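Order of the sequence lines sets the chain letters (A, B, ...), proteins ahead of strands, with each chain counted from 1. Here the structure is a predicted model, which is why all the values come from computation and not from measurement.
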Amino acid sequence: MYRILKNTNHDVTVLNYVDDSGLQVADILVGFLYLKFPLKPANSNIKFDIYCGNEIYVKVNELYEKDPSLIEKRKSLLNKLEEGDSEITSFASEITTKVLKDQLKTCWRMKARYDLLNFESHIISSKLWEKTFEKMRNENIIIKETEGENIGCWVFDSDDEGSKIIVRSDGTATYIAKDIPYALLKVGTIEDPFIYQVFMKQWDDTTLWISTIDNLKDTTQPFFFPAENSITVIDNRQTRLQKIIKEILNKFESKSNRYMHLAYGPVLLSSRTAKTLGINPENVKSVQMSGRKGIYVDADFVLDTLYGKAKEETMKRNPEITGKDLERTSEEIAISAMRYSLIKNDLEKEIKFDMIDSLSLDGNSGPYLQYAYARCCRLIEKSNAKSFSGDVSHLSDRIEFRLIKHLSKYAIVIEDATKNMEPKLIAQYAYELATLFNLFYEKLPILKESDADISDARISLVEAIRKMLEINISLVGITPLERM
RNA sequence: GGGUCCGUAGCGUAGCCAGGAUAUCGCGGUGGUCUUCGGAACCACAGAUCGAGGGAUCGAAGCCCUCCGGGCCCGCCA
């Protein structure tokens, strides 16, 4: 969506909310401090984020059942984190930063990019949460329960979602609580308290900023808030919580129309793929992933496998591509296969991930689009055409008319995709264009055409297709390749 | 139980919101195209009572109702 909005002249800022506090951080700390997990994984090929998330986190959670004293240790760590114990806090920050950097590597590999990282821990330490809590109390948006099972908690009573605890009876803020000031910040109801610093440069040469608690007042500060419209992109399992947040925004000011939840469906594992991971689902079509249970496939593994296949194919077809070019080409093919499979269907529909099906580079796939583009490029290159002034009136075949008609729908498709937030429309449009082109290529001679007028017209048509493919596949984050 | 989303060939999907004629595409299957403009391609065939039933309509996969089946949400977890 970032690419689509940006290219339709919207001023877009991409925020990434980093969940760097709470229980899961304490779990990892228990692993390092009490269970004496080494600071570096024994196998140096394992990324640090995977090490923490899939080894330490899993083991620690298993051990809680056998050794309840660990739970006490976690609680004491959590308290120290919330009180800001300097030794524990800085260790935690060291760990979460390392995890974050490794997670970003994978995101970047898939061509995601961000403008700003916001940290959950900063929502607390900047007093943003405190101010929001005070406001909500003052305006009676939340009330303190004096009886019943939620006694002592601050609760929001939603009109149609029931009541929701915002602050626990021990005074700590729940998960949803920290989303409220963040939402208020986005629409501009509260002032931005953060100071920003450059975190690093990204793959697309843009700057990634982070909020910081350090004092850097002399530096030039960028402005990130407020936004005219904010789009919160999150799993459709969070729909209920997002509705509650919207409702709370409305209690402050009627700005909730500027806050929208763009939901997407989760990636599930096909039962076939789940079986290969040792789970035996009975009569079930798909299985939810769970890091804690070890039921998952990780993105890097899939990309690495795709990369291997793409490399093999590329070497077979294009022996002259070698070295860095070969690596780059194979990587771009792998990424296009993955990205396209994630966006070609409805955003809200769950994605059934199957290890075997997803490794296919044929049919309705990202590489198919790249292939059509590469074919266009080679035709243009071989034609030695300097300009494209072929006369369309020389075109007369039905397939040529269909192509021209399809090309002309471009603006409508982009508008539709943008207004309705449906990136799949662009993917589908590009796929149909590629399909029509392949048919055209198969049925009609282009360079071989003996009539020069017709040939020129067809070359011009190919150039139009090439350009349109380039624009559209780029919009969905696929890199056009001249050779593959 | 309440809310919500979904059910289209063996599998995965488009079309549904803004109703029109023989329901899209891919994978898989079968059979073809090929002295190649690069076969990651193209063509053909087989494969679907669009979950079931009812309703309004000249007309329903689509809209309304009922039922059946399934997912997700309904934590002082995040």
The side chain of A:Glu442 lies closest to which of these nucleotides: B:rU33, B:rC77, B:rC76?
B:rU33
Counting any heavy atom closer than 4.0 Å, what does A:Ile151 reach on the DNA or RNA strands: base, sugar-phosphate only, or nothing?
base
Mind calculating the distance between NE2 (A:His406) and C1' (B:rC25) to the nearest angstrom?
13 Å
For a quick test of reading the model: is some side-chain N or O of A:Gln288 closer than 4.0 Å to OP1 or OP2 of B:rC72?
yes
Between A:Thr232 and A:Lys186, is any side-chain donor less than 3.5 angstrom from a side-chain acceptor?
yes
Nearest-Å distance once atom P is located in both B:rC45 and B:rU8:
25 Å
Whom does B:rG12 pair with, Watson-Crick or G-U wobble, provided both distances fall under 3.5 Å?
B:rC25
Nearest-neighbour nucleotide for the A:Arg378 side chain, B:rC43, B:rA78, B:rG38 considered:
B:rG38
When you measure from the side-chain N and O atoms of A:Tyr431 to the phosphate of B:rU13, is any distance below 4.0 Å, counting only OP1 and OP2?
no
Comparing nearest nucleotides in RNA chain B, the 5'-proximal residue of the pair A:Leu379, A:Asn364 is A:Asn364
Can you measure A:Lys349 atom NZ to B:rG70 atom P for me and round it to whole angstrom units?
18 Å
Suppose you measure atom P in B:rA48 against the same atom in B:rC5; what distance do you get, rounded to whole Å?
31 Å
For A:Met355 and A:Val302: C-alpha separation, side-chain torsions, deciding distance, then whether side chain to side chain contact (heavy atoms under 4.5 Å, CB included) applies.
CA-CA 8 Å; A:Met355 202 54 200; A:Val302 176; 4.2 Å; yes
Assigned partner base of B:rG75, Watson-Crick or wobble definition, under 3.5 Å:
none
Provide the full list of ring pair (Phe, Tyr, Trp, His ring centres under 6.0 Å) pairs with a residue in residues 149-186 of chain A, sequence neighbours left out, each pair given once.
A:Tyr17-A:Tyr182, A:Phe133-A:Trp154
Shortest side-chain distance from A:Tyr371, nucleotide among B:rA78, B:rC76, B:rA41:
B:rA41
Inter-residue atom distance A:Ile335.CD1 - A:Leu306.CG, 0.5 Å rounding
10.0 Å
Closest to the A:Arg375 side chain: B:rG38, B:rC42, B:rA14?
B:rG38
With the side chain of A:Asn438 defined as its heavy atoms from C-beta on, choose the nearest nucleotide among B:rC76, B:rA78, B:rC42.
B:rC42
Using a 4.0 Å heavy-atom cut-off across all strands, classify A:Ile333 as base, sugar-phosphate, or nothing.
base
Where the side chain of A:Gln238 is concerned, which of B:rA78, B:rC27, B:rC43 is the nearest nucleotide?
B:rA78
Determine the interatomic distance between P on B:rC50 and the same-named atom on B:rU33; round to the nearest Å.
37 Å
Roughly how many Å apart are B:rC67 and B:rC25, using the P atom of each and rounding to a whole number?
37 Å
How is A:Pro266 classified with respect to the nucleic acid when contacts are heavy atoms under 4.0 Å: base, sugar-phosphate, or nothing?
nothing
B:rU49 -> Watson-Crick or G-U wobble partner, both distances under 3.5 Å, gives none
First encountered from the 5' end of RNA chain B, between A:Asp362 and A:Ile351:
A:Ile351
What's the closest nucleotide to the side chain of A:Gln428 if the choices are B:rC74, B:rA14, B:rC43?
B:rA14
Listing, residues 476-484 of chain A side-chain donor-acceptor contacts under 3.5 Å, not counting sequence neighbours, or none:
residue: A:Thr479; atom: OG1; partner: A:Glu332; partner atom: OE1; Å: 2.8
residue: A:Arg483; atom: NH1; partner: A:Glu320; partner atom: OE2; Å: 3.2
residue: A:Arg483; atom: NH2; partner: A:Glu381; partner atom: OE2; Å: 3.2

Measuring from the side chain of A:Asp19 (C-beta onward, heavy atoms only), which nucleotide among B:rA14, B:rA78, B:rG38 has the closest atom?
B:rA78
Is there a Watson-Crick or G-U wobble partner for B:rG7 with both distances under 3.5 Å, and which nucleotide is it?
B:rC68
Rounding to the closest angstrom, what is the interatomic distance between B:rU66 and B:rG28 at atom P?
43 Å
Say whether A:Tyr296 and A:Ser290, considering side chains only, have a donor N or O and an acceptor N or O under 3.5 Å apart.
no
Interatomic distance, A:Lys344 NZ vs B:rC27 C1' [rounded to whole Å]:
9 Å
If B:rC42 has a Watson-Crick or G-U wobble mate with both distances under 3.5 Å, name it; if not, just say none.
B:rG32
Taking atom C1' in both B:rA14 and B:rC27, compute the distance separating them and give it to the nearest angstrom.
15 Å
Tell me whether the side-chain N/O atoms of A:Lys424 come closer than 4.0 Å to OP1 or OP2 in B:rC25.
no
Between B:rG10 and B:rU57, how far is it from one P atom to the other, in whole Å?
36 Å
Would you indicate, yes or no, if B:rG38 has its OP1 or OP2 atom less than 4.0 angstrom from a side-chain nitrogen or oxygen of A:Lys316?
no
Check: A:Ser169 side chain, B:rC76 base, donor-acceptor under 3.5 Å:
yes
What's A:Arg237 touching, base or sugar-phosphate or nothing? Going by heavy atoms closer than 4.0 Å.
sugar-phosphate
Between A:Arg74 and A:Ala26, what is the shortest heavy-atom contact and its length?
CG-CB, 3.7 Å
So, OP1 or OP2 of B:rA78: does either fall under 4.0 Å of a side-chain N or O from A:Arg168?
yes
From B:rG12, B:rG38, B:rC43, nucleotide with atom closest to A:Lys352 side chain
B:rG12
Cation-pi check for A:Tyr373 against A:Arg466: NZ or CZ below 6.0 Å from the six-membered ring centre and within 45 degrees of the axis, yes or no?
no
Quote, to the nearest angstrom, the C1' distance that separates B:rU24 from B:rG47.
15 Å
